[in-house]
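Okay, so here's the structure we're looking at.
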2 protein chains.
Amino acid sequence: MAVAESEAIEPADSVSTDRRPRADAIRNRDLLITAAAEAFAARGADVPLEDIARSAGVGIGTLYRHFPTRESLVEAVYRHEIDVLCERADQLLESMPPEQALAEWMQLFVVHVATKRGMLSLLRPLLSTNPNFSDQTRGRATAAATKLLEAGVAAGTIRADVDGGDLLRAVGGICMSTDQERSVASERLVGLLFDGLRHGAAGSPSATQPGDASA
Amino acid sequence: MAVAESEAIEPADSVSTDRRPRADAIRNRDLLITAAAEAFAARGADVPLEDIARSAGVGIGTLYRHFPTRESLVEAVYRHEIDVLCERADQLLESMPPEQALAEWMQLFVVHVATKRGMLSLLRPLLSTNPNFSDQTRGRATAAATKLLEAGVAAGTIRADVDGGDLLRAVGGICMSTDQERSVASERLVGLLFDGLRHGAAGSPSATQPGDASA
DNA sequence: TGCAAAACGGAGGGACCCTCCGTATACTAC
DNA sequence: GTAGTATACGGAGGGTCCCTCCGTTTTGCA
C-alpha cells in the first residue's frame, strides 16, 4: 500500500519561501510510515525505532529527522490510516451500490482499528491532550461515514435517522469493547449494526419510527 | 507515613512450612513501597527504578527481588493506598460524627487519586487485564464507603438511597474527568456531591424522593 | 555463640534512545 | 551538460535505563 500522495505537497498560493522537500525525503517519509504501521500493529507501541528504520531501509538518523518523537510517528501513522479509510469510501461508492459500499467500509474500519490496536497506548494520550488533532481526524472520518450513509439513504436502502457521527461512535465502540486480539467478534457485531441500518429504510417493508429502540 | 503492618504476615492456622520473611526484608519492602508512591506521584510512571531503590536506601537488586516487574511495584503501591484509605475510614468514624467523617474521607479520596495520577498509565492496563485484582481492591474500597454511608444514615444525617458503589463511582468519576494537575476543582465538586448526600437525609427538613434528579 | 538460610548490594552486559557531523544526493541556474 | 549549494542521509557513539548474577552481609534459630 503506497502512502497516498503525501498530502498535497504545497498549496500554490503560498510564496515558495519554503521549498517542497526533496524527492528522496518524501519517499523515505512514506517508507517510514508504512514500516511503522506494520511494526506497531505486529509488535505493539514499544517496537525499537531502530527496527522501524531498518525495515524501512533507512538510517536511524533519517527516522529522527522526520519524526523527532515516537508520538509524532504514531500521529503520522494514524493520520495516514484515516486518509486511506476516507479514500476507500469514495472508491467503494464508485464501484458498487451504496449499501454494499457502506457494509464493506464498516468492515474495513474494523480491520483498521485492529491494526491500530498496538499503537493504542500511545494514541490515547495523544488524542486526549491534542484536541484539534483529534477533532480534525474525527471530522474527516465522520465526513466519509456521512457520505456513505447519505448515498444509501438517497438510494432508499439505508434508514435516514442515523448520522455519520453516530455510526462512527457505534462502530468504534464495538471495536473498542471487544478488545481481544481477534476481531471476528467485532466483524459479526458490526454486521449486525449494518443490518440495523437497513432495517427501516425508505424502501423497506417494515419501517420503524425514528428513535425506536427495538433491536 | 509508615506502611501499615505489612498486611498481616502469616495467618497462624497455616503450618509454618514457609517461614515469615526476615525482618530486614519486611522493612525494605515497606521502604520501597513508600519511596515508589512518592516517586510515581512526583515524576510519573517512568521514573527509573534505580532512583526508587536509591531513595528507599536499598540496592537495585533488592528492589528487583521484591518486585520483579514495574507492574508488580505499581500494584503493591496501589494496594497499599487502598489499605490506608480503608484504615482511615475507621479512624475517622471513631473520632468524629459520621457525616463529618464521610466528608473528610471523600476529600482524602481526592488526594489519593491525585497521588496515583502518575501511575495511571500503568495502572489502567493492570486493572483491565487482572479482573480479580481490581474486584478485590474495588470491593475493599466499596466496603469502606458503605460503612461510612451507613453510619451517616443511622445518625439521620445522610440520605439512605445511595450505596457505597455509587459513591465510589461518583467520586472516582469526578476525579478522573477533571484530569488537570491540580485537584482544586475535584475537591469543590466532591464537596458538592457531599452536600447532595446530606440533602434528603431522614433528619433533613427538605427530604426528596429517592431517584429525584434535582441538584 | 555459631551457623545456615535468607537477604543484600552493585558491577556489568545488553537494549534502546537520540545527537552530531562527515558524506551523498537532488535540485537550480547557467 | 555541468557546477554549486541547499538538503537529506547514515550510523557511530555517548548516555540512560534495565535486569541478572554472585560474592558479601545480616538475621534468626539451636
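Within every chain, numbering begins at 1; the chains are lettered A, B, ... in the order of the sequence lines, protein sequences first and strands thereafter.
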For nucleotides 18-30 of chain D, read 5' to 3', which letter fits each nucleotide if B means a protein heavy atom sits under 4.0 Å from the base, S means only the sugar-phosphate is that close, and - means neither?
BBB-----BSS--

Heavy atoms only: give me the nearest A:Arg70-A:Val47 pair and the separation to one decimal.
NH1-O, 2.9 Å

In whole Å, I'd like the distance from the CZ atom of A:Arg20 to the C1' atom of D:dA8.
15 Å

Picking from D:dG10, D:dC9, C:dC8, which would you name as closest to the side chain of A:His66?
D:dC9

Could you tell me if the side chain of B:Arg79 sits less than 4.5 Å from the side chain of B:Phe133, heavy atoms only?
yes

Distance col, row B:His80:NE2 vs B:Thr34:OG1, nearest 0.5 angstrom, shows 6.0 Å

Could you check how far CG of B:Asn28 sits from P of C:dA6, rounded to whole Å?
17 Å

Whole angstrom value for the distance that separates P of D:dA8 from CG of A:Asp30:
14 Å

Between D:dC17 atom C1' and B:Ile52 atom CD1, what is the distance in whole Å?
12 Å

Could you say whether A:Asp51 or B:Gly59 is positioned toward the 5' end of DNA chain C, judged by the nucleotide with the nearest heavy atom to each?
B:Gly59

Salt-bridge criterion met for B:Arg169 and B:Asp166 (N-O under 4.0 Å)
yes

Rounded distance (Å) that lies between atom P of C:dC18 and atom CZ of A:Phe67:
15 Å

Ignoring hydrogens and angles, tell me if any N or O in the side chain of B:Arg159 forms a donor-acceptor pair with the backbone of B:Leu197 under 3.5 Å.
no

Count the heavy atoms belonging to other residues, nucleotides or ligands that lie under 6.0 Å from NZ of A:Lys147, then report whether that count exceeds 12.
no

Expressed as a whole number of angstroms, how long is the span from B:Arg43:CZ to D:dT16:P?
13 Å

C:dC8 C1' sits how many Å from B:Leu31 CG, rounded?
13 Å

Look at the side-chain N and O atoms of A:Thr62 and state whether any lies under 4.0 Å from the OP1 or OP2 oxygen of D:dA8.
no

